[in-house]
Amino acid sequence: MNLRKYFLILISALLVTHLFHGLLIGIPLIGIFIWSLPLIIFGYLAYKNPSAKLYQIFGFIILIYFMIFFGRPNASLLSWLELIEIVAVFFVTVYAARERLNVK
């Protein structure tokens with residue numbers, strides 16, 4: 001099982017979903033960029049040099065994204081899709097870190 005590949009696919013899907021949802025509801029592009037910057041950075045680092053520590057740190061960062069969704073009063077279908085993608089990314093990061101630790 002190649003969790004790195006799943007991680008990169010889910011990060012890309014989350015970025016595309018958030019971009020589409022942000023443009024749909026009228027979030028300024030700078031807001032979308034600031035929200036997406038940690039995802040882009042960790043996606044690049046996971047592509048270049050994945051490590052267990054990288055996945056562990058990103059697991060905590062993705063929990064912050066998870067907490068943001070509990071403050072939304074009127075969640076749309078795209079909001080729920082983002083939430084599902086965030087949960088999936090979290091599980092993949094946890095298992096990818098475990099896989100990296102078991103390899104060494």
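Just so you know, these numbers come straight off a predicted model, no measurement behind them. Numbers for residues simply follow the sequence, beginning at 1.
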Please name the pair of heavy atoms, one in Pro50 and one in Arg100, separated by the smallest distance, quoted to 0.1 Å. CG-NH2, 3.2 Å
Do the ring planes of Trp35 and His18 sit parallel (below 30°), tilted (30 to 60°) or perpendicular (above 60°)? parallel
How far does CG of Leu10 sit from CG of Leu39, to the nearest 0.5 angstrom? 11.5 Å
Between Ile68 and Glu82, does the side-chain contact (heavy atoms from CB on, under 4.5 Å) criterion hold? Intermediate values first, please. CA-CA 11 Å; Ile68 291 171; Glu82 284 183 59; over 6 Å; no
Test item: Phe58 and Ile11 side chains (from C-beta on) under 4.5 Å apart, heavy atoms: yes
Linking I/L/V/M/F/W/Y whenever any side-chain heavy atoms sit under 4.5 Å apart, do Leu77 and Ile84 land together? no
Output the distance between atom OG1 (Thr17) and atom CG (Leu81), rounded to the nearest 0.5 Å. 4.5 Å
How far apart are the closest heavy atoms of Leu8 and Gly43, and which atoms are they? CD2-O, 3.4 Å
Going by the side-chain contact (heavy atoms from CB on, under 4.5 Å) test, name the single residue among Val16, Ile27, Leu78 that passes it with His21. Leu78
Let's go through Asn49 and Leu54 carefully: what are the C-alpha distance in whole Å and the side-chain angles of both, what is the deciding distance for side-chain contact (heavy atoms from CB on, under 4.5 Å) to 0.1 Å, and is it a yes or a no? CA-CA 9 Å; Asn49 188 19; Leu54 173 84; over 6 Å; no
Kindly compute the distance separating CD1 (Ile25) from CZ (Phe20), expressed to the nearest 0.5 Å. 11.5 Å
Between Ile40 and Leu14, is there a shared hydrophobic cluster once you connect ILVMFWY residues whose side-chain heavy atoms come closer than 4.5 Å? yes
Is there a donor-acceptor contact under 3.5 Å from the side chain of Arg4 to the main chain of Ala46? yes
Same hydrophobic cluster for Ile9 and Val87, using side-chain heavy-atom links shorter than 4.5 Å among ILVMFWY? no
Within one Ile-Leu-Val-Met-Phe-Trp-Tyr cluster: Ile57 and Ile64, side-chain cutoff 4.5 Å: no
Treating Thr93 as the side-chain partner and Phe90 as the backbone partner, does any N or O pair qualify as donor plus acceptor under 3.5 Å? yes
Any chance you could lay out the side-chain contact (heavy atoms from CB on, under 4.5 Å) test for Phe66 and Leu83, step after step, and finish with the verdict? CA-CA 7 Å; Phe66 182 75; Leu83 181 64; 3.6 Å; yes
Is there a path from Tyr47 to Leu37 through hydrophobic residues (I, L, V, M, F, W, Y) whose side chains come within less than 4.5 Å of each other? yes
side-chain contact (heavy atoms from CB on, under 4.5 Å) between Ile62 and Phe42: does it pass, once the steps are laid out? CA-CA 11 Å; Ile62 202 71; Phe42 279 96; over 6 Å; no
